[in-house]
Amino acid sequence: MSRKIKLLWDFRGEDAKQTAKHHTIHLREFADLEKLNFYEIAVLEMNPMLSSAFIIVDEANMKIFRDALKPHRGEIAE
C-alpha cells in the first residue's frame, strides 16, 4: 500500500485564506486535467495572516504534482 503525501502551498497576509481557497480551484483543475487521483483538497488556516492550500495524493503521483505545481513543502499524510 502506497503512502499518502500532503503537498502544501503557504499564503500570508490579510487575504491569505481567500488566496488559499482560490488556489484549491487550480489544484482540482490540474488533477482533473491530468486525470490524477487525489484524496483531499482543502485549506488550513493557521491564523488570520497565514493559510495553506493542500492536496493529498499517493506517493506514486507525488512527483507529477510536485514538478508541475511547485509546492512550498510536503509531508507524509496521516
Run L69 and L7 through side-chain contact (heavy atoms from CB on, under 4.5 Å) and show every step you take. CA-CA 10 Å; L69 303 177; L7 301 173; over 6 Å; no
With a 4.5 Å cut-off on side-chain heavy atoms, are [Y] and [X] touching?
{"X": "F54", "Y": "L44", "result": "yes"}
{"X": "E45", "Y": "S52", "result": "no"}
{"X": "R12", "Y": "M49", "result": "no"}
{"X": "W9", "Y": "I55", "result": "yes"}

Going by side-chain hydrogen bond (donor to acceptor under 3.5 Å, both in side chains), name the residues that satisfy it together with K6, two or more places apart in sequence or in a different chain.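 K6 satisfies side-chain hydrogen bond (donor to acceptor under 3.5 Å, both in side chains) with no residue once adjacent residues are dropped.
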Inspect the contact between D58 and K4 and indicate whether a charged nitrogen and a carboxylate oxygen are less than 4.0 angstrom apart.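 No.
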Hey, quick one: are F65 and I41 part of the same hydrophobic cluster, counting side-chain heavy atoms closer than 4.5 Å, chains of contacts allowed?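 Linked, F65 and I41 end up in one cluster.
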Verify same cluster id: L8, I56 (apolar side-chain graph, 4.5 Å):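 Yes, same cluster.
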Taking every non-hydrogen atom, the tightest pair across F38 and V57: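 The answer is CB-CG1, 4.1 Å.
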Taking all non-hydrogen atoms of both residues into account, name the closest pair between A20 and S51 and its distance.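 What the structure gives for the nearest pair is CB-CB, 4.1 Å.
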When you measure from the side chain of K70 to the backbone of D67, do you find a donor-acceptor pair of N or O atoms at a distance under 3.5 Å?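 Yes: the side chain of K70 pairs with the backbone of D67.
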Scan the side chains in residues 23-36 for donor-acceptor partners under 3.5 Å anywhere in the protein, sequence neighbours excluded, and list what turns up.
| unit_1 | atom_1 | unit_2 | atom_2 | d |
| --- | --- | --- | --- | --- |
| T24 | OG1 | K21 | O | 2.5 |
| H26 | ND1 | E29 | OE1 | 3.3 |
| H26 | NE2 | H22 | NE2 | 2.9 |

At what distance, to the nearest 0.5 angstrom, does CD1 of I5 lie from OH of Y39?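 It comes to 11.0 Å.
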For E40, check salt bridge (Lys or Arg N to Asp or Glu O under 4.0 Å) against everything at least two apart and list the hits.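 Not a single residue meets the salt bridge (Lys or Arg N to Asp or Glu O under 4.0 Å) criterion with E40.
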